[in-house]
Amino acid sequence: MDSSHLATTLRMRRLLAQPADETPLAWRTVGAIQLFSVASTAATTALFSIAYFMARHFDRELSEHALALRAGVLTSIKPAASAVSAFAWGAMGDRFGFARIIALSGAAHAAATVAFGFSASFGAACALRAVQGCVDGMVVMQKPALALVSDGTNAASAFATTGVAYGTASAFAPALSALLAEPCTSWARFERDAASSCPKFLARYPFFLSNVWILALALPALVAFWRGWLDVDDADEDVVVELELLSVNDDDSAGSGAKDGASKCVENQKIVENQDVPWFRDVNVKTAIASQVGCTFVVLTGAETTPLWMATSIQSGGLGWTSVDIGLFGTVMGFTILFFQIFLFTKLVRRFGIVTLLPFALAINAVVFPLHPIAHELAKRSKSLAWAVVIILGFARGMSGPIIMGGSSLILNNASPRRALGAVNGFSGTFSNAGRAIAPLLGGALVAMMVSMKPSTPGRTVWPFMVISLGFLSLTLYSRKLSLE
């Protein structure tokens, strides 16, 4: 085993066991990082519940087939643009410091989100959404920033906050966005006399309120940066200390022989840290990147397909839900993710190891997705029964999702050289964001093709979810390459 492979293997081994002594985490810094992440995630997930209806507002003559495709395109624009700028954000973080670059991205993203609320046509919405994606660097910079303020003893706790941030944002963003959308036609106070009582500004820009609140969400994050709480770049980058903590743990369980072996490991690690070993030649890093990109693509495809399927009429194979219904489902999913991250994620990672948990979580989704059409069949009889099925399946997805998304990131950042975290995450982010861009297009295409099929077509409502299930099954098999045994 060469020294480079040994170093990355050691970093991944730190994910497999409870550390003997956990280094206190800089929670104020972690909190400041996640404030920016919440604003970024909220702006992304807010569109999930209104994309279909936004496309319909711009052209009310479109069919459900065309609306599904347009909604997919609108949702995909932001991650597609982020894919173009991802490596640049990561590289700038490495060169100029993550604190300043995160703040710059956060301010620009908030302004672009407000501008998106002024969209007056489908073309303008796509263009402004692209600007929003280009300036959103948090998708890339969140993970390396967390890696820089954590070590092998507290990395699980630090990365658990990623799911907390995502869960918090996704718990309220889709529902709030839906409630604020098209006030002149959806708010009860304007329903009777919309022409005279609804402000002309809101009638002209019906999705302004659905986006402007992101600016208020970004302000606390910018204040945290101004107060100096985002001290990411002052973090200690001494990886040897992490391995010494590991050697103490090994000594307790395996005796002096383990201690001698660990000492050799520390020596080898020192050699590696002094060598210029390119991260793109490391087998573990390349495997972890492929795993993260694949997980992002398949998970997002499922996430983007679900609301489009829910908005589709029952006659066309969907559930016939409103934007408020879809927003409430997003809230349920968000709270599920939040609960799991706070109470279970870190405990499960320390007990079983993220490398063991990841294939299990992927397999759960491979089984859960083909069960969604049951809700469609029940929706023909009762909306309440359909809700019950969707909630049960949502719980399974919500509790396994953090392991997949957070776990793949945790593995990647612990397998990567700390001096190149921005570059590694930027490179991975380029392809992950490309996957995020393709996912809504694929989700829209799956729903559109389902709608275009005749009602008598065998498996009409099943096959879109089977495609997603096969993706999870493939990742389950591939993730076994991450095993160190």
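Position 1 is the first residue of the sequence, and the numbers go up from there.
Evaluation of the side-chain hydrogen bond (donor to acceptor under 3.5 Å, both in side chains) rule for Ser432 yields no partner, not counting sequence neighbours.
With hydrogens and angles disregarded, no donor-acceptor distance shorter than 3.5 Å links the side chain of Ser105 to the backbone of Ile101. Using modelled atom types, no side-chain atom of Asn425 and backbone atom of Gly90 make a donor-acceptor pair closer than 3.5 Å. The backbone N or O of Phe116 sits less than 3.5 Å from a side-chain atom of Ser119, completing a donor-acceptor pair. With hydrogens and angles disregarded, a donor-acceptor distance shorter than 3.5 Å links the side chain of Trp89 to the backbone of Cys134.
Within the 4.5 Å cutoff, side-chain heavy atoms of Leu74 are placed close to those of Cys126. Under the 4.5 Å side-chain criterion, counting only non-hydrogen atoms from C-beta, Met54 is in contact with Leu47. For the pair Thr161 and Leu146, the minimum side-chain heavy-atom distance is below 4.5 Å. No side-chain heavy atom of Phe207 sits under 4.5 Å from any side-chain heavy atom of Leu180. In this structure the side chain of Pro174 never reaches within 4.5 angstrom of the side chain of Ile326, judged on heavy atoms. Counting only heavy atoms from C-beta outward, the side chains of Phe36 and Leu222 approach each other to under 4.5 Å. With a 4.5 Å cut-off on side-chain heavy atoms, Leu348 and Phe340 count as touching. Between Leu441 and Val73 the shortest side-chain heavy-atom distance falls below 4.5 Å.
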Determine whether Phe335 and Phe339 satisfy the following criterion, ring-ring contact (aromatic ring centres under 6.0 Å, His included), listing intermediate values before the conclusion.
CA-CA 6 Å; Phe335 275 113; Phe339 175 86; over 10 Å; no
Do His109 and Met138 pass the side chain to side chain contact (heavy atoms under 4.5 Å, CB included) test, and can you show the C-alpha distance, the side-chain angles, and the key distance before you say yes or no?
CA-CA 10 Å; His109 176 259; Met138 272 311 294; over 6 Å; no
side-chain hydrogen bond (donor to acceptor under 3.5 Å, both in side chains) between Thr44 and Arg436, intermediate numbers included:
CA-CA 11 Å; Thr44 300; Arg436 291 174 186 269; over 6 Å; no
Quick one, Arg350 with Ser157, criterion side-chain hydrogen bond (donor to acceptor under 3.5 Å, both in side chains). Give me CA distance, side-chain angles, the key distance, then yes/no.
CA-CA 10 Å; Arg350 287 174 174 171; Ser157 298; 3.1 Å; yes
Give the C-alpha distance, both sets of side-chain angles, the deciding distance and a yes or no for side chain to side chain contact (heavy atoms under 4.5 Å, CB included) between Tyr166 and Met405.
CA-CA 10 Å; Tyr166 182 88; Met405 298 296 285; over 6 Å; no
Checking Val164 against Ile342 for the side chain to side chain contact (heavy atoms under 4.5 Å, CB included) test, could you report, in this order, the C-alpha distance in whole Å, the side-chain angles of both residues, the deciding distance, and whether it holds?
CA-CA 7 Å; Val164 173; Ile342 293 175; 3.9 Å; yes
Please evaluate residues Thr162 and Ser409 with respect to the criterion side chain to side chain contact (heavy atoms under 4.5 Å, CB included), reporting the C-alpha separation (whole Å), side-chain torsions for both, the decisive distance (0.1 Å), and the verdict.
CA-CA 10 Å; Thr162 300; Ser409 297; over 6 Å; no
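Here Gln34 contributes atom CD and Thr168 contributes atom OG1; the two are 9.0 Å apart, rounded to the nearest 0.5 Å. Rounding to the nearest 0.5 Å gives a distance of 11.0 Å between CG of Leu362 and CG of Leu357. Taken to the nearest 0.5 Å, the OG atom of Ser416 stands 8.0 Å off from the CG atom of Asp282. Phe159 CZ to Ser150 OG: the interatomic distance, rounded to the nearest 0.5 Å, is 5.5 Å. Atoms CG and CD1, on Leu35 and Ile102 in that order, are 11.5 Å from each other to the nearest 0.5 Å. Atoms CG and CD1, on Leu358 and Ile403 in that order, are 8.5 Å from each other to the nearest 0.5 Å.
A ring-ring contact (aromatic ring centres under 6.0 Å, His included) with Phe472 holds for exactly one of Phe369, Tyr478, Phe360, Phe297; it is Phe369.
Sorted by first and then second residue, the salt bridge (charged side-chain N to carboxylate O under 4.0 Å, His left out) pairs involving residues 134-149 (not counting sequence neighbours) are Lys78-Asp136. For residues 401-427, the pairs satisfying ring pair (Phe, Tyr, Trp, His ring centres under 6.0 Å) are Trp279-Phe427, Phe427-Phe431, with sequence neighbours left out.
No cation-pi contact links Arg70 to Phe58, judged by a cut-off of 6.0 Å to the six-membered ring centre and 45° from its axis.
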